[in-house]
Amino acid sequence: MEAKDWRQEQERLEKVKSKLQARIAELEPGIAGLRDQAADIRKRFWEEVSINTGTYEDFEETFYTINQQSAILAERERGHKLQMQQWKSMNRLLPSPYFGRIDFQEDGLDLSEQIYIGVSSFVDDDGLSFLIYDWRTPIASMYYDYSPGRASYVTPTGTFEGTMELKRQFQIQNGQIHNMFDASETIGDELLQQVLGKGADSQMKSIVATIQREQNAIIRNDKSRMLIVQGAAGSGKTSAALQRVAYLLYKHRQTIRADQIVLFSPNPMFASYISTVLPELGEENMQQTTFQEYLDYWLGSSLRPEDPFDQIEYVLTAQGAPGYEARLQGMGYKASEAFLQALQSYGIWLGREGMRFNDIRFRDRDLIAAERLREIFYGFDRSLPLSNRVVLLQEWLLNELASLERIERDAAWVQEELNYLDAEQYAEIFGMLHKEKEVFDLAEQFAAVREKISNKRRGDEGDFDFALKEEDLLRQRIVKESFKPLRKSVKKFSFVDVKGIYGQLFVDEAAYRERTNGAFIPPLWPEICRQTKETLLRNELFHEDATPYLYVKELIEGVRTNTEIRYVFVDEGQDYSPFQYEYLKKLFPRARMTVLGDFGQAIFMQATSLDAPDSPLVRLFGEAETSLIRLVRSYRSTKEIVEFTKSMLPDGEKIVPFERGGRKPLLTRVDGGERRDAQIMADIAALMAEGFDSIAVITKTAAESREVHEALRSHGGEALRLVTKETLNFEKGVMVIPVYLAKGVEFDAVFVYDASPEAYGRENERKLLYTACTRAMHRLHLYTTGDWSPFVQVLPANLYEKATFHPYTAR
């Protein structure tokens with residue numbers, strides 16, 4: 001860049017900073033004043049209100065006075081919130097007001113406009129001239145989508161066309177321009193090189209300054225009900241999704257709130273990793289959860305579902321165990337659309353026969369037998385849906401309990417409880433314990449009542465009628481309290497034996513075919529049935545059974561829906577089953593869905609292809625409502641690491657590395673585990689000395705992680721952190737982590753602890769090794785004490801370096 005350009009840009013930057021500082025200074029007294037006013041109104045609220053309800057007119061006046069005070073308070077609080085948002089926005093801009101500039105001349109106009117782009121908008125004192133445009137504005141989209149030349153942008157009022165005469169990128173830190181580039185592409189390599197060359201952080205950062213054109217298409221897609229993003233490892237899928245959330249909240253700020261967007265994360269630690277991106281852009285975080293957390297919530301304490309991490313531990317460690325192949329077949333079948341269709345047919349069969357109910361028991365006796373419930377249920381109109389008839393049965397049950405409750409008042413047990421009530425218990429029945437004086441008075445009154453009752457029994461005619469009324473009231477209260485758990489359980493549908501209904505699917509092959517209209521079954525069905533029934537008897541559920549179980553439960557009790565949620569994001573979407581996607585669609589009927597994933601990292605048994613022509617995701621909303629975007633360029637890792645990792649996949653040639661150079665992956669073979677542990681600790685120390693402070697030793701399983709953690713600690717790795725499925729926060733440092741928990745995050749350096757055929761030899765372990773290696777940004781080391789994994793052996797020798805001992809000192 002010429003010195004003249006630098007000078008002009010720095011002068012403009014100083015002008016913008018000055019205006020920002022002035023506006024911040026103007027806002028601060030007003031913010032403090034509104035805050036103090038709101039606090040004062042809250043403190044003095046009732047001092048300004050006279051409560052008078054003597055007449056209707058007095059009551060009405062009191063009502064309006066309270067409303068007026070509430071409105072004044074709400075107005076002050078809204079004003080404070082708005083000014084606070086402006087103040088925060090300007091303080092975010094101050095260190096780096098903008099990152100891009102385009103000069104655009106609209107067709108039909110003589111002058112071109114200089115458009116500076118930052119994380120939020122800033123208008124000049126006239127209230128009309130934009131000194132900075134928010135990156136989400138329609139006009140700013142040209143910065144991401146076009147190189148200099150013909151360009152256009154779309155607004156709600158139409159499309160504007162013209163010529164982009166200049167595109168410039170800035171790196172501004174602490175109010176000073178550090179770098180400046182005129183770019184011919186969407187985002188110039190120079191800026192990306194510098195951003196990607198930095199070390200990994202403990203939390204994901206915003207990418208608004210380096211959004212690529214294909215990522216911008218993801219962010220601004222506002223038409224599709226289903227947006228599928230199939231992206232290579234490190235292609236920026238999750239980053240683009242988070243910027244998409246920020247864009248949606250900006251564009252639809254009048255109609256959509258952050259709590260109407262939900263993100264399903266791969267694990268709880270991932271939520272911590274991405275938690276700062278939206279606040280950095282001035283937006284509130286959307287709701288975040290995992291699918292497992294949802295299952296745990298709705299299954300409650302009655303059944304203990306296995307989580308996906310325990311499931312994959314079984315898959316990776318139980319080879320050769322009895323029933324292993326059947327369990328794998330069961331995992332695949334229960335996650336399939338075929339099983340979903342079978343359960344839909346099963347629901348129709350249950351409408352005719354086969355419903356199971358629990359006895360309604362009270363004080364160790366059957367109050368209403370399950371057979372009676374079954375008779376009532378199948379006595380309803382059979383054209384009604386299953387769930388409607390269950391609701392009718394629930395209503396019948398509540399009425400029946402009310403009748404039985406009246407009868408129960410004369411039971412001997414009620415008289416016994418009545419005889420043993422003390423004064424405090426009398427008062428408790430009437431729910432007055434929170435008012436001590438009234439409780440005391442009531443206690444004395446009821447003690448007197450009890451005395452009168454006793455007198456009557458001794459022949460005193462006294463206040464007999466009064467005593468009987470009080471006794472009847474007490475009986476009502478005693479029985480009502482005793483029946484309360486029954487009513488509560490009926491309202492929760494506990495009278496339906498859902499576990500038995502689900503379990504009777506797995507009696508035998510003939511019964512299954514009859515109940516599911518001849519559904520397909522896998523070859524090892526008898527063993528699958530045995531395993532499923534045994535698990536249910538222990539009040540547990542395999543992970544592959546949890547979603548189907550909830551599906552059956554909702555066939556019976558009615559579908560739970562959340563119509564408030566407008567957008568659903570699913571990260572690591574390849575690890576969800578077709579069954580789970582159908583369930584999510586039913587759960588959030590008004591929501592649009594964005595699914596992000598990489599089938600190359602599909603390491604769970606229930607994996608779903610995202611971009612196959614027959615993908616169930618396309619069928620979910622139909623082709624017309626579905627958009628598919630493929631991201632093939634990988635930005636996370638150096639070119640050398642990407643070339644190495646993509647060669648592990650059969651179709652890896654589609655992945656395009658970003659031109660950021662570095663060292664080739666290093667393969668180290670050592671004699672024995674002790675020497676490997678010592679070598680790894682030496683290599684960690686060498687990398688830390690180079691300035692890398694985010695290093696992961698990645699193992700295949702959690703069990704191996706625990707063993708490796710202990711082994712490395714004995715070799716001087718006391719500071720090593722063990723990451724488990726219970727770990728909630730992602731932090732910098734050196735950690736030992738199983739590969740399936742490392743998904744979605746990145747590290748400066750990755751050490752694959754064991755890259756032998758024993759660890760990664762089977763075809764279903766190819767993607768595990770690929771996933772582990774693609775976590776590395778700058779350095780990748782693989783170790784073995786014997787042969788290399790077949791997925792490494794077949795790689796061209798020019799893609800890696802080899803070391804025998806002490807690779808750093810040897811070079």
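The two residues Ser272 and Leu728 have their closest heavy-atom pair at CB-O, 3.2 Å. Nearest heavy-atom pair across Leu610 and Ile228 is O-CG2, 3.6 Å. The heavy-atom pair separating Leu401 from Phe483 by the smallest distance is O-CE2, 3.6 Å. Minimum heavy-atom separation, Phe377 to Leu350: CE2-O, 4.4 Å. What you find for Arg475 and Asp410 is that their closest heavy atoms are NH1-CA, 4.1 Å. Closest approach of Phe309 to Asn267, counting heavy atoms only: CZ-CB, 3.8 Å.
Using a cutoff of 4.0 Å between basic side-chain nitrogens and carboxylate oxygens, Glu481 and Arg477 are not scored as salt-bridged. Salt bridge present: Glu544 and Arg327 bring a charged side-chain N and a carboxylate O closer than 4.0 Å. In this structure, Arg365 pairs ionically with Glu408, as a charged nitrogen and a carboxylate oxygen lie closer than 4.0 Å. A salt bridge between Asp310 and Lys725 is present, with a side-chain N of the basic residue lying under 4.0 Å from a carboxylate O of the acidic one. Checked for salt-bridge contact, Lys484 and Glu405 miss the test: no charged N lies under 4.0 Å from a carboxylate O.
Every residue two or more places apart in sequence or in another chain that forms a side-chain hydrogen bond (donor to acceptor under 3.5 Å, both in side chains) with Ser403 is listed here: Arg406. Looking at residues two or more places apart in sequence or on another chain, you find a side chain to side chain contact (heavy atoms under 4.5 Å, CB included) between Thr317 and Glu313, Thr701. For Gln319, the side-chain hydrogen bond (donor to acceptor under 3.5 Å, both in side chains) criterion is met by no residue, not counting sequence neighbours. Residues passing the side-chain hydrogen bond (donor to acceptor under 3.5 Å, both in side chains) test with Arg762, sequence neighbours excluded: Tyr324, Glu765. With sequence neighbours excluded, the residues satisfying side chain to side chain contact (heavy atoms under 4.5 Å, CB included) with Glu582 are Leu340, Leu620.
For the residue pair Glu395 and Asn399, no side-chain donor N or O sits within less than 3.5 Å of a side-chain acceptor on the partner. A donor-acceptor pair shorter than 3.5 Å can be found between the side chains of Gln531 and Glu527. A side-chain donor from one of Arg244 and Thr594 sits under 3.5 Å from a side-chain acceptor of the other.
Using a 4.5 Å heavy-atom threshold, the side chains of Arg382 and Arg389 count as touching. Side-chain contact between Glu554 and Arg560 is present, with at least one heavy-atom pair separated by less than 4.5 Å. Proximity of Leu587 to Thr561: side-chain heavy atoms (C-beta onward) are nowhere separated by under 4.5 Å.
Leu373 pairs with exactly one of Val496, Asn358, Ile368, Asp497 by the side chain to side chain contact (heavy atoms under 4.5 Å, CB included) rule, that one being Ile368.
Separation of the Phe506 and Trp525 ring centroids falls under the 6.0 Å cut-off. Centroid-to-centroid, the aromatic rings of Tyr346 and Tyr512 stay 6.0 Å apart or farther.
No more than 12 heavy-atom neighbours from other residues, nucleotides or ligands sit within 6.0 angstrom of CD on Glu623.
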Requested in this report: Check the pair Thr290 / Glu293 against side-chain contact (heavy atoms from CB on, under 4.5 Å), numbers first and verdict last.
Outcome: CA-CA 5 Å; Thr290 65; Glu293 286 172 337; 3.1 Å; yes
Query - From CA spacing to verdict: side chain to side chain donor-acceptor pair (under 3.5 Å), Asp598, Gln601 - result: CA-CA 6 Å; Asp598 175 17; Gln601 300 177 66; 2.9 Å; yes
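Sorted by first and then second residue, the ring-ring contact (aromatic ring centres under 6.0 Å, His included) pairs with a member in residues 531-553 read Tyr502-Tyr549, Tyr551-Phe579; sequence neighbours excluded.
Note: Leu278 CG to Met286 CE = 5.5 Å, rounded to the nearest 0.5 Å.
A cation-pi geometry, defined here as NZ or CZ lying under 6.0 Å from the six-membered ring centre and within 45° of its normal, holds between Lys767 and Phe599.
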